Amino acid sequence: MEIEPAEEVKEPPRIHRLDESVVNRIAAGEVIQRPVSAVKELVENSLDASSTSISVLVKDGGLKLIQVSDDGHGIRYEDLPILCERHTTSKLSKYEDLQSIKSMGFRGEALASMTYVGHVTVTTITRGQLHGYRVSYRDGVMENEPKACAAVKGTQILIENLFYNMVARRKTLQNSADDYTKIVDLLSRFAIHHIDVSFSCRKHGATRADVHSVATPSRLNAIRSVYGLSVAQNLIKIEASDNDPSSSVFEMDGFISNSNYVAKKTTMVLFINDRLVECTALKRALEVVYVATLPKASKPFIYMSITLPPEHVDVNVHPTKREVSLLNQEVIVEKIQSVVESVLRNSNESRTFQEQTVEATPSVPSVTNNDLHLSPSPPGSKSQRVPVNKIVRTDSSDPAGRMHAYLYKNPQKYLGRDSSLTTVRSSVRQRRNLKETADLTSIQELINDIDRKCHSGLLDIVRQSTYIGMADDVFALLQHNTHLYLANVVNLSKELMYQQVLRRFAHFNAIQLSEPAPLQELIMLALKEEDSDLESNENDDLKKKIAEMNTQLLNQKSEMLEEYFCIFIDSDGNLSRLPILLDQYTPDMDRVPEFVLCLGNDVEWEEEKNCFQSLAAALGNFYAMHPPMLPNPSGKGLEFYRKRKHGKHTQDGGNSCHVDGTAEEDEFEHELLSEAETAWAQREWSIQHVLFPSMRLFLKPPNSMASNGTFVRVASLEKLYKIFERC
Ligand code: ADP
Ligand code: MG
């Protein structure tokens with residue numbers, strides 16, 4: 001950018017009134033952003049006119065032609081001259097009416113806008129008339145007197161050459177092929193809500209309609225005819241309501257997809273007081289529930305209709321009325337979220353428990369045969385795989401023996417070798433599919449343990465408290481009713497992650513490492529790190545040996561690690577994938593070496609339940625929201641970044657970018673400092689936006705947290721001030 005010489009003082013630019021037609025065109029561009037917005041306005045007008053049948057015809061993605069025909073009450077002859085003027089409407093007369101408005105439209109802007117950016121022709125007939133009228137409009141006014149014409153009941157509105165006078169917009173839209181798709185999507189949404197109206201949507205020249213619905217009393221029928229059987233058969237009915245004026249008043253009903261539904265993108269069809277709207281907060285909240293509750297990584301299908309007292313909805317917050325603002329939105333979102341969560345959990349559990357349990361028998365071969373026999377997976381490597389519940393206990397004091405614990409080439413060799421094997425083995429559930437969740441008793445037991453040990457008082461605090469902020473590097477300040485609590489985010493996140501590992505067991509999405517990391521080097525790094533902490537001096541050869549052995553051990557376990565925990569180790573011994581425990585959260589990669597070492601050293605590989613528990617704990621510890629390795633620059637940690645006087649370690653050396661920095665600024669390691677600032681800011685963001693919302697949904701705080709300092713009640717306001725002083 002050119003820097004202007006300071007001396008030249010610029011005259012302030014003249015202010016003038018915009019030409020009326022410019023104003024109108026600008027405003028029109030806001031209401032009618034794309035062809036689909038025109039279709040939405042027209043269909044809403046048809047609905048407002050009490051139509052029972054609405055059909056849409058589209059040519060060239062809507063740019064060439066959009067035609068919406070309905071069988072509604074029509075438009076009076078005497079209203080035609082002002083029909084397309086701005087702010088002419090039959091739906092609202094005084095501002096207060098907005099409070100109770102039931103119609104979709106009320107601004108009297110849509111038709112007018114269309115005449116500023118396209119050519120509009122209206123054909124309409126009212127009840128009892130022998131003929132209808134046809135008239136065209138441009139820039140808000142009639143182009144000619146209405147002409148009498150033959151007409152069927154209702155109104156037909158034709159928009160031609162949309163955006164003919166907005167070159168840039170037309171160009172961008174011409175290149176995007178998806179406007180017709182958007183129109184079809186829009187009509188599909190309307191069709192499953194207004195089930196007493198028939199809808200159709202067709203491309204010009206096509207013989208078949210892409211949306212075709214007939215009026216039906218059954219919502220599910222409507223969904224089936226619009227979205228297909230694969231959607232309709234995988235839905236659960238859902239209802240919720242609240243009638244407490246001090247918190248929220250609403251009624252909700254709808255359908256949500258169950259665990260068999262599979263889709264890559266969320267479909268959320270939301271109507272609030274019969275208005276098709278978007279509510280990002282609600283959508284996100286429900287997606288979070290799906291991700292956490294259902295084993296498959298599928299996005300949901302949601303149809304939801306919410307009714308609120310009209311005075312609780314501000315419909316006038318968005319020019320296209322696409323967004324509305326609700327009174328008590330947060331409370332409503334939370335309530336709906338918890339209903340969806342419990343419905344899903346129930347459906348999920350009932351599904352899991354339908355599976356039969358095959359009791360472990362003392363005879364090893366029969367279990368093995370049973371398992372292989374019952375598995376529907378095609379013969380091949382998968383069905384040959386030895387499941388983890390058949391881990392063979394070898395001498396746990398012999399590290400070499402440990403390597404055989406999970407996978408061995410020929411299971412037959414071990415059969416009957418040790419009858420105590422069967423006592424180690426938990427009861428084996430019938431496994432229809434290797435990927436079914438919670439079909440391992442041990443995991444179910446660990447999850448039951450979490451439920452059993454849950455502290456109800458703490459659960460209430462976790463669910464109902466408000467996050468205020470971080471009090472220091474480890475403690476967050478929470479408000480619960482009239483009390484303030486300090487909560488240890490490291491302990492809490494560790495526990496949450498541990499629980500998530502068990503809940504998502506075998507159904508993780510993956511984080512792909514940008515570069516595969518060699519296990520052996522990671523372990524070496526961790527050992528060296530440990531060494532410098534302890535100031536002991538084990539020799540390098542020994543470390544190498546340990547690293548080698550641990551790598552070998554993890555290679556042996558790689559199949560189990562991948563299948564159940566999404567920890568992928570390739571054949572060259574590189575770590576390349578890690579599981580996602582919470583959406584939008586990746587662990588601090590500086591901790592990978594420590595984690596890998598911990599996998600080798602701390603996991604109890606010999607017995608199934610202990611193995612899963614210690615693995616979940618290791619992951620929990622790794623993913624926990626520890627303070628970043630770099631000291632916090634917003635506190636005393638700032639000193640760490642001050643350049644040492646004779647230090648040769650300035651990261652950016654003679655960095656010429658700082659030529660005009662002041663002397664004071666130059667005393668800091670800028671690169672490191674900004675890295676630290678980012679790391680701390682990111683952590684704080686994650687704590688507020690990922691950790692606490694997820695805890696509210698999923699964490700079952702164990703009894704131990706009541707006494708181990710995870711929660712500390714702040715006794716008085718006075719103390720609170722002290723905490724703030726520290727920040
Ligand atoms: P709004 O819907 O906000 O009132 P519009 O510009 O969309 O404003 O429409 C202006 C008026 O035209 C409406 O108030 C309605 O009286 C009339 N109108 C528009 N479309 C139709 C239709 N399909 N059937 C009957 N009347 C219509
Ligand atoms: Mg309208």
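Just follow the structure's listing: the first ligand is 1, and inside any ligand the first atom is 1. No experiment lies behind these values; they were computed from the predicted model shown.
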salt_bridge(Asp71, Lys153) N-O dist < 4.0 Å: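 No, Asp71 and Lys153 are not salt-bridged.
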
Closest to atom 9 (O) of ligand 1 among Ile75, Asn45, Thr155, Val43 (heavy-atom distance):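 Of the listed residues, Asn45 has the closest heavy atom.
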
Proximal candidate to atom 14 (O) of ligand 1 [heavy atom criterion; set Gly154, Gly72, Ser90]: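 Among Gly154, Gly72, Ser90, the closest heavy atom to atom 14 (O) of ligand 1 comes from Ser90.
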
For [X], the ligand 1 atoms whose distance to one of its heavy atoms is below 4.0 Å:
| X | answer |
| --- | --- |
| Leu83 | 12 (O), 17 (C) |
| Ala49 | 24 (N), 25 (C) |
| His73 | 25 (C), 26 (N) |
| Gly74 | 25 (C), 26 (N) |
| Thr88 | 10 (C) |

Quiz item: cation-pi between Arg138 and Tyr164, 6.0 Å / 45°: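 Positive - Arg138 is close enough to the ring of Tyr164 and near enough to its axis.
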
Arg169 to Phe163 six-membered ring, cation-pi geometry met (6.0 Å, 45°):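 So Arg169 does make the cation-pi contact.
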
Sequence-distant partners of Asp460, side-chain hydrogen bond (donor to acceptor under 3.5 Å, both in side chains), two or more places apart: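 With neighbours one apart ignored, the set is His480.
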
Listed partners of Thr124 passing side-chain hydrogen bond (donor to acceptor under 3.5 Å, both in side chains), at least two apart: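 Expected list: Thr155.
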
Mutual orientation of the aromatic rings belonging to Tyr133 and Tyr77 [parallel < 30°, tilted 30-60°, perpendicular > 60°]: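 Tilted.
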
Heteroatom distance test (Leu111, ligand 1): nitrogen or oxygen, under 3.5 angstrom: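 Between Leu111 and ligand 1, an N or O pair is found under 3.5 Å apart.
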
Distance-only N or O hit between ligand 1 and Thr89, under 3.5 Å: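 Looking only at distances, the answer is yes, because the N/O contact criterion of under 3.5 Å is met.
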
Euclidean distance, Glu251 CD relative to Asn243 CG, rounded to 0.5 Å: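 The distance works out to 8.0 Å.
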
Presence of N, O or S from Thr89 under 2.8 Å of the Mg ion (ligand 2):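 So Thr89 does not count as coordinating the Mg ion (ligand 2).
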
Glu109, portion touching ligand 1 at heavy-atom distance under 4.0 Å: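 The answer is the backbone.
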
Glu330 atom CD, neighbour heavy-atom count above 12 within 6.0 Å: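 Open.
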
